[in-house]
Amino acid sequence: VTDAELEADPAEAVRLVAGMVRRGEGGEAFRERRRVLSWSATEAGLLSPSFVEERGTAARIRRGRETLLVARSGTSLDSLREAVREASRRAGTSPFFKALRRPGPPPKHEPSQAEESEEARTAALASALAHAVPDPRGLSLSLVLSHVSVARAVVTPRALHSLGSSSRLEAAGTIVGGGHERPFAFQSPLPFPAAAAALSHALHEATRPVPRFPATEGEADIVFSSSAASVFWHEAVGHPLEAEGPERASVLARVRGAAVAPPGLEVVDDPRRSDLAGGFALDDEGVIARPVTLLHDGHVGDVLTDRRTAAEASNGHGRTSDYRRPPRVRMSNLVVSKGHAKLHDLFAECGTGIFVREISAGSADPESGRFVLVVEHAELLRRGRQAGALTRFALVGDLLVALSNLFPERGDEALPAVGLGLCVKGGDGVAVGGAAPAMLIRGLHVRGARL
Amino acid sequence: VTGFYDDGLFGKLFTEAQREEHGPGHSVELYERAGASLELLEDEEGVCVSEVKERGFALRLFRGGRVGFAAAGPEGLALLLPRARSLLPRARVRRGARAATPLAGEPPAEPVTGAPNVPDEAAAREILVDFRRAVTRAGGGAVAVREASVVMGERRERIATSGGREASWTSRAASLIAHLAGRAKEGRFSARVVANAARAEELPIARLARLGVDRVLLPLTGHAAPTGRVDVLLDSHVAAHLIGRLAPFFFGDAEDALLASRTRGGKDGLTSPVLSLVDDIAAPGGPIRIPRDGEGTPKRRTVVVERGMVTGRLTDVASAVRRETTSSGNAIRRLWSEPPAVGVTNFFVDPSPGVSPLDLLASVTKGVYAAVLLERPDIDLAADRFRLVTAGYTIEKGRAAHRVSETVLSGRLSELLRGIASIGDDLKFVAGAGGGVGSPTLYIPRWKLG
């Protein structure tokens, strides 16, 4: 589904942008329509609904090392004209267009069919919540559930490109149960019924009362589930290879071409995987999105780039959280090659250690390679068997050391990540996805097991 | 209805909504925000200037305790009323939900006219130059600014309700965000630091530079932390983040049960008697200076903890009705596209009973000074636990002795709050809890480390 207004009058839009961008400059216009139907929710069910429609246009000019972005509300030709006029004024040039050619189309009213589908979605969401929390006693939920639909288009000096429309189901908030508070985040790009079912399952797992005890602080061998492994790869390998700053700004970018992980390991950022949350065909600068191999056969490979960091050689990873923000180099879907091991083989190899099911937050310092992963859901492993759930703790490690301690054999399925949803970097959140097999890393530090 | 745009969109929609939504228990609230901001970002790839002008409307319809919320820009204005109406029947009834009415004695608001102005780019460039100089001075060449950005903005807001409230107001804000990288023979370390202020000229540039330098150099050059029971001084920046995480305790009536269990139904103190917690728009140095909240209620000073005892709550109109009081002016609209929710303005520890931080330092024989946070604080109000990963200095006989690369402070939150023996008078604010959170230096004797 695309938004007609974003693609209306393409010839005039292209003419405006072509008039803005001068010889030796790069630039484009970006149009976005975001529609969100949200519900606040508690353990008692859905509470207050809200509907938001935001439309915006940005005109962008790149000249040498300088970038200019001018953003305005609305996606009509008038909005584009105003953004282009102001961008040209700030850039010290005069655009080629007349003040006003003709008024844009009037805003369209929502078709009643959309409201009907919203009615059905509301019912599905209420049902998902009821199934997830059949017995709310002892539980306190504070969640916002949102169905987000975003349509985007890029106008270059040559053509108007629709970036298509995507929709996803999001949930975020906190759950208090069993005397503990935990964050909850969920995102799914699946069709609504499947996404609602997945949300119900995730919420059910998160609210299920399980007796937990603290992990022992210190070094431990860790088996990561598929979802948890996706978060590790995202933080530890993906972010350090987003090409920002000089080459020596990231611990991995400093050792391009070096062997840092076991042979046979491939880590690819693949925006073409439309089944994952971070998929797109063209990036937010109108560049064709290409898969980029970050680790090839265990060696550090390429970096992700956008127009600002690589000009025409961009590999299509310029992404923006919304039209007001300049695009930055960002990941899409990090896909890791699978191995041949079953999960119980990894457990057996690990012996005594920890099986990490869910990571709720993570961060990595690209400069030093130090990473911290907050583990929300984990189980103790004793002699290769699951031996009880653990309370929240943090895993701390050094990226290069962790990669060198990665057990060469990995799980035989690279499953889509459930916990990976919105990646916030520098305050800008973009949808990301991942698919990775289960894996074993030896000697990570378990910290703060008392919390 | 007067306002800052003379295109009549606001008045027309409000009149239409009022005409269609009338009857017992029905009320209407229309809100508009117009904003202009400028961001200047400098990194190793070059300079990026972003100028944003936007305008948005938000309509809330109230019908017998149900609320329907719809928001859109000027192009989507025609959607608002039908959308909000279609959502109403699906909403659950919440006691107290209604449009605001003027408070008794509320002064009439001066109408704000004219669109907001885009801030000056030259002023932003000057701030970044000053910040780079300050980092060079504080870091002695061992710290580089990888990326720094200044955001300055002005916004104008107005609100009208069928209950008779009509107000418009203007405010400004600025922030400085930097990514610093430190280099020493022990290795490299980088960190992101942020400062907010109500005016660009109030940004604490030198303080942020010193904080950033400590943040990236202490983990590299420090020694291992001492273990056992020692006295702990929490720097105001570290303490402010901790205090900010207490704010949800006081949001309306959401955590009444939890607060009651922590204080034995209000008989015990939540914190040590030296602590008073306040939310005040007029706090000195507070980064938020918006005269009214998202429901148009004038903001005021609210004391939520006085000398350790819980005395108040932060409320919006609905939670104030449920508590049979008046709104404290804490209905915060983070974005125009979000419904207002209870939050903080400037939430802080009242420093009036405090002493000089040097006096606090002098009183410590053996201890740790936690100067910077290395990670986001992990605080679980329900479990009454906390964990702060910090770096700082050891203190011996009232003086800073050695650098400490990492100290983990953890344990029972209530024990920490009740164990605070004295506070400094150096109130400082950081961004947190959706507004500004502040604290002076806190002194906790005999805390167990390691």
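Throughout, a chain's letter reflects where its sequence line sits, starting with A, and its residues are numbered from 1. Everything quoted here is computed from the prediction, not taken from an experiment.
- The closest side-chain heavy-atom distance from B:Ser190 to A:Pro366 is below 4.5 Å.
- With a 4.5 angstrom heavy-atom cutoff, B:Arg94 touches chain A only via side-chain atoms.
- By the side-chain hydrogen bond (donor to acceptor under 3.5 Å, both in side chains) test, B:Ser175 pairs with no residue at all, sequence neighbours left out.
- Classification of A:Arg90 and B:Glu121 as a salt-bridged pair holds, one side-chain N sitting under 4.0 Å from a carboxylate O.
- Under the rule for a side-chain hydrogen bond (donor to acceptor under 3.5 Å, both in side chains), B:Arg215 has no partner lying at least two apart in sequence or in another chain.
- Proximity of a side-chain donor or acceptor of B:Asp380 to a complementary backbone N or O of A:Glu181 within less than 3.5 Å is detected.
- Ion pairing of B:Arg90 with A:Glu119 is present here, as a side-chain N (NZ or NE/NH1/NH2) and a carboxylate O approach within less than 4.0 Å.
- With a threshold of 4.5 angstrom between heavy atoms, A:Arg370 approaches chain B through side-chain atoms but not through N, CA, C or O.
- With respect to A:Glu367 and B:Arg183, no salt bridge is recorded, no charged nitrogen being found less than 4.0 Å from a carboxylate O.
- Heavy-atom distances place the side chain of B:Val118, and not its backbone, under 4.5 Å from chain A.
- Looking at B:Leu88, neither its backbone nor its side chain comes within 4.5 Å of chain A, counting heavy atoms on both sides.
- Salt bridge B:Arg83/A:Glu53: absent, no basic N to carboxylate O contact under 4.0 Å.
- No side-chain donor-acceptor contact under 3.5 Å links A:Ser73 and B:Glu75.
- No part of A:Arg60 comes within reach of chain B, as not one of its non-hydrogen atoms sits under 4.5 angstrom from that chain.
- Only the side chain of B:Val408 comes within less than 4.5 Å of a heavy atom in chain A; its backbone stays farther off.
- Looking at A:Arg34, there are no atoms closer than 4.5 Å to chain B (heavy atoms on both sides), in backbone or side chain.
- Residues B:Phe69 and A:Val52 meet the side-chain proximity criterion, which asks for heavy atoms closer than 4.5 Å.
- Between chain A and the options B:Ala72, B:Ala91, B:Cys48, the largest number of non-hydrogen pairs under 4.5 Å is found for B:Cys48.
- Ion pair B:Glu51/A:Arg72 flagged as a salt bridge, since at least one NZ, NE, NH1 or NH2 atom sits closer than 4.0 Å to an Asp/Glu carboxylate oxygen.
- Heavy-atom distances place both the backbone and the side chain of B:Glu54 under 4.5 Å from chain A.
- In this structure, B:Glu375 pairs ionically with A:Arg447, as a charged nitrogen and a carboxylate oxygen lie closer than 4.0 Å.
- Contacts between A:Leu46 and chain B at a heavy-atom distance below 4.5 Å involve the backbone alone (N, CA, C, O).
- Proximity to chain B (any heavy atom under 4.5 Å) is restricted, for A:Val176, to the side chain, taken from C-beta onward.
- Between A:Arg392 and B:Asp378, at least one side-chain nitrogen of the basic residue sits less than 4.0 Å from a carboxylate oxygen of the acidic one, meeting the salt-bridge criterion.
- Residue B:Glu338: no heavy atom, backbone or side chain, is found under 4.5 Å from chain A.
- Put simply, CG on B:Leu87 and OG on A:Ser38 are 10.0 Å apart, with the number rounded to the nearest 0.5 Å.
- Using a 4.5 Å cut-off between heavy atoms, B:Val194 does not touch chain A at all.
- Proximity to chain B (any heavy atom under 4.5 Å) is restricted, for A:Ser79, to the side chain, taken from C-beta onward.
- Interface residue A:Ala44: backbone and side-chain heavy atoms are both found under 4.5 Å from chain B.
- Contact annotation for A:Val70: both backbone and side-chain heavy atoms come within less than 4.5 Å of a heavy atom of chain B.
- For a residue to count as touching a neighbouring chain, one of its non-hydrogen atoms must lie under 4.5 Å from one of that chain's; by this rule B:Ile177 does not touch chain A.
- Taking 4.0 Å as the cut-off between side-chain N and carboxylate O, A:Arg65 and B:Glu44 do not count as a salt-bridged pair.
- Of the atoms belonging to A:Arg325, it is side-chain heavy atoms, and not backbone ones, that fall under 4.5 Å from chain B.
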